[in-house]
Amino acid sequence: PRNAPYQAYRARDRYFVIAAGNDKLWASVCDIVERPGLVSDPRFATVKDRAKNQVELAQLLTAIFDARDAADWLAAFERVGVPASLINSYSESLADPQVQANDWIRELRLPGGAVTRTFASPLAIGGRHLPLPKAPPRLDEDRAAILAMIGER
């Protein structure tokens, strides 16, 4: 709650985030949303004011952002230097070129033999990635261990 607007918003078609944590960025947001009066609005005039009134600010901006697609907002924010980005779906994240280049997606064998893809740790030491955690258990496979851990039989 130190900065606002500094969160996710829903545009007409999907979610995106903006990080306008200072007065210059806030003024740029106000220009983009065509509400220049918000810069001097006492509720939002300073970083502290915007943080204090962030719920009200988020409601106001949400209503505005709903009028256009996220790509339109992001293009406008990029032109003026306001940090902003789409929030990717899981499938979009898996297909992201940077994710693929860093080899963050690994195959994982599920109980029953099916194979899926999942995120691995992004950390690599000496060019070697950390191993994946064990596969998820079969239904009820860990029941006894879990009950013993919580003191039940």
Side-chain angles (χ1 to χ4, degrees), residues 1-111 114-137 142 145-146 149-150:
R2 296 181 303 160
N3 294 314
Y6 202 96
Q7 68 183 70
Y9 291 94
R10 175 140 179 91
R12 180 171 44 204
D13 60 338
R14 62 185 295 174
Y15 285 90
F16 68 99
V17 293
I18 61 172
N22 64 43
D23 292 336
K24 181 178 184 289
L25 293 172
W26 169 238
S28 294
V29 169
C30 292
D31 287 342
I32 295 299
V33 300
E34 299 177 348
R35 301 290 198 292
L38 291 176
V39 171
S40 58
D41 185 314
R43 299 169 298 170
F44 314 126
T46 68
V47 171
K48 186 176 179 181
D49 295 329
R50 290 188 297 279
K52 181 176 147 189
N53 295 297
Q54 66 182 331
V55 171
E56 188 175 0
L57 177 60
Q59 291 170 344
L60 189 150
L61 291 175
T62 296
I64 295 169
F65 291 143
D66 190 47
R68 292 169 42 193
D69 288 347
D72 294 337
W73 291 117
L74 294 178
F77 290 137
E78 184 175 358
R79 282 193 299 274
V80 298
V82 173
S85 179
L86 290 175
I87 296 178
N88 289 335
S89 68
Y90 192 73
S91 60
E92 288 169 328
S93 297
L94 291 173
D96 184 276
Q98 188 68 35
V99 169
Q100 291 178 357
N102 284 302
D103 197 26
W104 290 343
I105 306 302
R106 305 283 174 68
E107 288 189 350
L108 179 66
R109 186 164 304 279
L110 300 173
V115 176
T116 189
R117 297 182 313 152
T118 190
F119 279 97
S121 172
L123 300 177
I125 300 171
R128 297 181 58 167
H129 290 280
L130 299 174
L132 284 175
K134 74 175 197 159
D142 292 342
I146 291 169
M149 185 173 58
I150 62 173

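Here, residue 1 is the first one in the sequence, and each next residue gets the next number. Note: hydrogens, waters and symmetry copies are ignored here, and every other heavy atom, side chains too, is used.
- Between the side chains of Ser28 and Asp31, no donor N or O sits under 3.5 Å from an acceptor N or O.
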Criterion side-chain contact (heavy atoms from CB on, under 4.5 Å) on Asp23 and Val39, from CA distance to verdict:
CA-CA 8 Å; Asp23 292 336; Val39 171; over 6 Å; no
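- At least one donor-acceptor pair closer than 3.5 Å links the side chain of Asn22 to the backbone N or O of Leu25.
- Side chain of Asp69 to main chain of Ala71: no donor-acceptor pair is present (N/O by atom type, distance under 3.5 Å, no hydrogens or angles).
- At a threshold of 4.5 Å between non-hydrogen side-chain atoms, the residues Trp26 and Thr46 do not count as touching.
- Of the possible donor and acceptor atoms, none in the side chain of Asp72 sits under 3.5 Å from a partner among the backbone N and O of Arg68.
- In Gln100, the CD atom is crowded: over 12 heavy atoms of neighbouring residues, nucleotides or ligands sit closer than 6.0 Å.
- Within 6.0 Å of OH on Tyr6 lie no more than 12 heavy atoms contributed by other residues, nucleotides or ligands.
- You'll find the ring centres of Tyr15 and Phe65 outside the 6.0 Å limit.
- Panel note: side chain Asn53, backbone Asp49; a donor-acceptor pair is recorded below 3.5 Å.
- Put simply, the side chain of Arg117 never gets that close to the backbone of Arg106: no donor and acceptor are under 3.5 Å apart.
- Distance alone, capped at 3.5 Å, is enough to place a donor-acceptor pair between the Arg35 side chain and the Val33 backbone.
- Side-chain atoms of Arg14 come within 3.5 Å of backbone atoms of Ile87 as a donor-acceptor pair (strictly under, hydrogens ignored).
- For the atom pair CD1 (Ile64) and CH2 (Trp73), the distance works out to 7.0 Å, reported to the nearest 0.5 Å.
- The CD atom of Gln7 sits 7.5 Å away from the CD1 atom of Ile18 when rounded to the nearest 0.5 Å.
- Taking the side chain as every heavy atom from C-beta outward, Val99 and Ile105 approach each other to under 4.5 Å.
- Atom CG of residue Leu38 and atom CZ of residue Arg43 lie 7.5 Å apart, to the nearest 0.5 angstrom.
- Note: Asp142 CG to Met149 CE = 9.0 Å, rounded to the nearest 0.5 Å.
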CA sep, side-chain torsions, deciding dist, call: Asp96, Ser93, side-chain hydrogen bond (donor to acceptor under 3.5 Å, both in side chains):
CA-CA 5 Å; Asp96 184 276; Ser93 297; over 6 Å; no
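- By the 30° and 60° cut-offs, the orientation of the rings of Phe16 relative to Phe77 is tilted.
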